[in-house]
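Report on the structure given below.
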Amino acid sequence: MGHENQNRRAVRPEPSKWTEYFINAPPLPCPWQKPGESIEERRDVLVKKVRCMIQGYIASKVHLMEGMKIVDALERLGVGYHFQEEIGMFMDLVNGTPAGETDNMAGAALRFRLLRQHHYDTPCDVFESFVDKNGGFKDTLRSDVDALLAIYEAAHLGKCDEDLLSNAVVFTTSCLSAMAEGGKLPEPLLKKVEHALDSPTHRRMKRVETKLYISIYGKDEDSNQDVLELAKLDFHILQQMHRDEASSFSLYFKELNHGRNLGPYIRERPVECYVWALGVFYEPQYAKARMMFAKLINIFSFFDDTCDSYATLEELHLFNKAVQSWDQEAAKKIGDCFAYVMSLLSKTLDEFVAGGASPLGIECTKQFIKDGSNCMLQEVIWREEGHVPLFHEHLKVSKGSTVFWALACIAFADPMAPPNDTVFDWIMSSPKIIESLAIIGRLMDDIVGHESEKDRSGIPTTVQCYSKEHGVTIEEAKKALRCIVEDQWRRINQEFLSNVTIPIPLLTQAINILRFMETMYKNTSGYTFCSEIVDHIESVLDKCA
C-alpha cells in the first residue's frame with residue numbers, strides 16, 4: 001500500500017523554512033567581543049565576579065532583598081546554572097529569614113515567588129497584608145506598578161484552593177491591563193507590563209524568556225551591568241552551540257530520506273523538534289539529551305501524522321497490533337510507511353541504549369508509546385464512527401495521545417545522568433503532575449487548533465466534545481477549557497512543592513516540556529502552522545542578544 005492512494009485524508013502541511021537554512025548556517029558574530037580577549041574568557045571572569053557577589057550576600061546575611069533581585073535576574077537571564085550551589089545556599093538563608101525583613105509589597109511577593117520556585121512550600125499568608133478589611137485588595141496597590149508586577153508573577157505559583165492567589169491573578173491582571181492600555185506608562189515599564197501579561201515568567205520557555213528579558217533588563221535603571229554583560233556573552237556562547245546542534249539535527253533529518261516511504265502528509269519539522277528539546281534543557285551538559293529528545297519528537301511526529309492523516313482504520317488496527325507486540329515484520333505487511341515508522345522508532349531507541357541511555361528508561365518509553373498508540377487508535381475509531389464522546393471520556397484518551405509520558409521518560413533517560421531506577425518506577429505509577437502536564441498540553445493544542453484539526457485529521461477535539469455536551473458555543477467551550485488549564489497549573493504547582501521522590505531538576509525538565517508548549521500553542525497551533533513561530537526560533541537561534 002503506497003502513499004499514492006487518493007482516498008487518504010491527508011492535507012499537505014505548511015513547509016518549514018529552517019531545514020536547509022541550518023545545515024549551512026554560518027556562525028553569528030558577537031557584537032560584544034573585545035580585542036585580545038575571547039568571549040569565553042570574559043564570560044568566566046564575570047562568572048567568578050558574580051559568584052563572589054552571591055557569596056557576599058550569604059556571608060553577610062544582609063541586603064537580602066538586593067540579593068533576591070540578583071538571583072531572580074540571573075535565573076530569568078538564563079545564567080543561573082553557573083551558580084546552582086550558591087543560589088541554593090542563598091535560598092536556604094532567605095527561607096530561614098523572617099518575611100518581615102522584606103517589608104514592602106513587591107519584596108514580599110518576590111520572596112514568596114523565589115521560595116516556591118526553589119521548592120520551598122512557603123505559605124501564602126503574606127498576601128493577606130495586601131488585602132483591606134473588606135476582603136478586597138488595597139487601593140494603594142492600583143497605582144504601584146512594581147508591586148502589581150511582583151504580585152502577578154508570584155500569584156501564578158498558587159496551589160489548589162489558594163483562593164487568595166487566584167483572586168490576586170484576576171486583580172493584578174485587570175490593573176496592569178488598564179495601565180498598559182492607558183498610555184501613561186514610560187516605555188521601559190510598559191514593556192515589562194506587556195511582557196508579564198503575555199505570559200507569566202513561571203510558564204515561559206526559558207530560552208525565549210532569556211532572550212526577551214535581556215532586552216528588558218538592559219533598560220532597567222536598577223540593572224547590574226556585570227550580570228547583564230554575563231547574560232549577553234553566555235547567551236551568545238550557548239546560541240552558537242545550539243546552532244551547531246540544529247545544523248547537525250537538520251542534516252540527520254535530511255539523511256533519513258523519509259520521502260521514499262512517507263507521503264506529503266508528513267509535517268517536516270526538524271528544527272522545531274530541536275527547539276522543543278532546547279526548551280526542555282538548554283544547558284551545555286544536556287547536549288546528548290537534547291538530541292535524543294529531538295529525535296524522539298521527530299519520530300512521534302511521523303507516527304502521529306501517519307495515524308491521524310494517512311492510515312485507514314483497518315490499517316491502524318493492524319499497525320497498533322504491531323506496536324503492541326513491537327513487531328517490525330508485522331508492520332512491513334501493512335505498508336511502506338508503517339514499516340518505516342516502526343523500524344525507525346525501534347532502531348532509534350536501541351541506539352539510545354547503546355549510547356548510554358538508561359535501559360529501564362527506554363523500556364518505560366516503549367510502554368508509553370504503546371499506550372499512546374492505543375489512544376490514537378481510539379481517536380480514529382471515534383472519527384470513523386462519527387462519534388463525539390463526552391468531554392471527560394475524550395480527555396481520558398486524548399491526554400494519552402499527547403505521548404507526554406514518553407517525552408518525560410526520555411528526558412529522564414539522559415545518558416549523562418547517574419542511574420536512578422526510582423525515577424522510572426515513579427513515572428510508571430502515573431503521577432498526578434505528569435497527568436496534569438498532559439491534560440494542559442492536550443487542551444492548549446485543541447483550543448488553538450480546533451478549526452485546523454478538522455481539516456488535518458477530522459478527529460473530534462476536546463473543544464467539540466465540551467461544546468456538544470454542555471450545549472455551548474465553540475468560544476464558550478474554549479473559555480471553559482482555559483479555566484481547566486488554570487486549575488491544572490495550580491495542581492502542578494502543588495505536586496511540585498509536595499514532591500519528595502524525584503530530583504527537582506528532573507521534575508523541572510518535565511514542566512519545561514509544557515513551557516515550550518506555552519510558546520508553541522499560545523495563539524496558534526505552532527507545530528502545524530510553523531510560520532507563526534518563526535520569530536521565536538529566530539530569537540533563540542538566529543539573532544544576537
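By the 4.0 Å N-to-carboxylate-O rule, Glu518 lies too far from Arg204 to be salt-bridged with it. Ion pair Glu538/Lys17 flagged as a salt bridge, since at least one NZ, NE, NH1 or NH2 atom sits closer than 4.0 Å to an Asp/Glu carboxylate oxygen. Under the 4.0 Å criterion applied to side-chain N and carboxylate O atoms, Arg203 and Glu486 are assigned as salt-bridge partners. A salt bridge between Lys206 and Glu209 is absent, with no side-chain N of the basic residue lying under 4.0 Å from a carboxylate O of the acidic one. Taking a cutoff of 4.0 Å between a charged side-chain nitrogen and a carboxylate oxygen, Arg113 and Asp72 qualify as a salt bridge.
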**OP:** Take Trp489 and Ile492 through the side chain to side chain contact (heavy atoms under 4.5 Å, CB included) test and state the conclusion after the steps.
**Re:** CA-CA 5 Å; Trp489 265 112; Ile492 288 168; 4.2 Å; yes

Original post:
Is there a side chain to side chain contact (heavy atoms under 4.5 Å, CB included) between Tyr286 and Phe293 once you walk through the steps?
Top reply: CA-CA 10 Å; Tyr286 294 116; Phe293 192 95; over 6 Å; no

**OP:** Determine, step by step, whether Leu238 and Arg207 satisfy the side chain to side chain contact (heavy atoms under 4.5 Å, CB included) criterion, reporting the C-alpha distance in whole Å, the side-chain angles of both residues, the deciding distance to 0.1 Å, and the verdict.
**Re:** CA-CA 10 Å; Leu238 295 191; Arg207 214 65 198 139; 3.6 Å; yes

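Side chains of His82 and Asp234: a donor-acceptor N/O pair is present below 3.5 angstrom, by distance only. Between Asp371 and Gln367, the side chains place a donor N or O and an acceptor N or O closer than 3.5 Å (distance only, hydrogens not considered). Side chains of Glu268 and His258: a donor on one and an acceptor on the other come within 3.5 Å. Using modelled atom types and a 3.5 Å distance limit, the side chains of Gln378 and Asn374 yield no donor-acceptor pair. If you check the side chains of Glu75 and His118, you find a donor sitting under 3.5 Å from an acceptor. Ser436 and Glu495 share no side-chain donor-acceptor pair at under 3.5 Å. With hydrogens and angles left out, the side-chain atoms of Tyr521 and Asp446 include no donor and acceptor closer than 3.5 Å. Residues Arg267 and Ser309 bring no donor and acceptor atom of their side chains to less than 3.5 Å of each other. Ser346 and Gln328 share a donor-acceptor pair across their side chains, judged by distance under 3.5 Å alone.
Cation-pi contact between Lys295 and Tyr252: present, with separation from the ring centre below 6.0 Å and deviation from the ring axis of at most 45°. Relative to the ring axis of Phe83, Arg51 does not place its NZ or CZ within 45° and under 6.0 Å from the centre.
Every pair tested for side-chain hydrogen bond (donor to acceptor under 3.5 Å, both in side chains) that includes a residue from residues 402-423 fails, sequence neighbours excluded, so the list is empty.
Between Pro13 and Arg269, the closest heavy-atom pair is CB-NH2, 4.2 Å. Listed here is the closest heavy atom pair of Gln240 and Pro27: OE1-CA, 3.3 Å. Ile537 and Val275 get closest at one heavy-atom pair: CG1-CG2, 4.2 Å.
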Could you tabulate the donor-acceptor pairs under 3.5 Å formed by side-chain atoms of residues 347-364, not counting sequence neighbours?
{"from": "Thr348", "atom 1": "OG1", "to": "Leu344", "atom 2": "O", "distance (Å)": "2.6"}
{"from": "Ser358", "atom 1": "OG", "to": "Leu360", "atom 2": "N", "distance (Å)": "3.4"}
{"from": "Ser358", "atom 1": "OG", "to": "Gly361", "atom 2": "N", "distance (Å)": "2.9"}

Donor-acceptor pairs are to be reported for all side-chain atoms of residues 18-26 against protein atoms at under 3.5 Å, with residues two or more places apart or in another chain.
{"from": "Glu20", "atom 1": "OE2", "to": "Lys254", "atom 2": "NZ", "distance (Å)": "3.3"}
{"from": "Tyr21", "atom 1": "OH", "to": "Asp542", "atom 2": "OD1", "distance (Å)": "2.7"}
{"from": "Tyr21", "atom 1": "OH", "to": "Asp542", "atom 2": "OD2", "distance (Å)": "2.9"}

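Between Phe302 and Tyr340, the ring-plane angle classifies as tilted under the 30° and 60° cut-offs. Tyr213 and His195 have tilted rings, their planes meeting at an angle from 30° to 60° on a 0 to 90° scale.
The ring pair (Phe, Tyr, Trp, His ring centres under 6.0 Å) search around His317 returns none, not counting sequence neighbours. Not a single ring pair (Phe, Tyr, Trp, His ring centres under 6.0 Å) links Phe412 to another residue, sequence neighbours left out. For Asn298, the side chain to side chain donor-acceptor pair (under 3.5 Å) criterion is met by no residue, not counting sequence neighbours.
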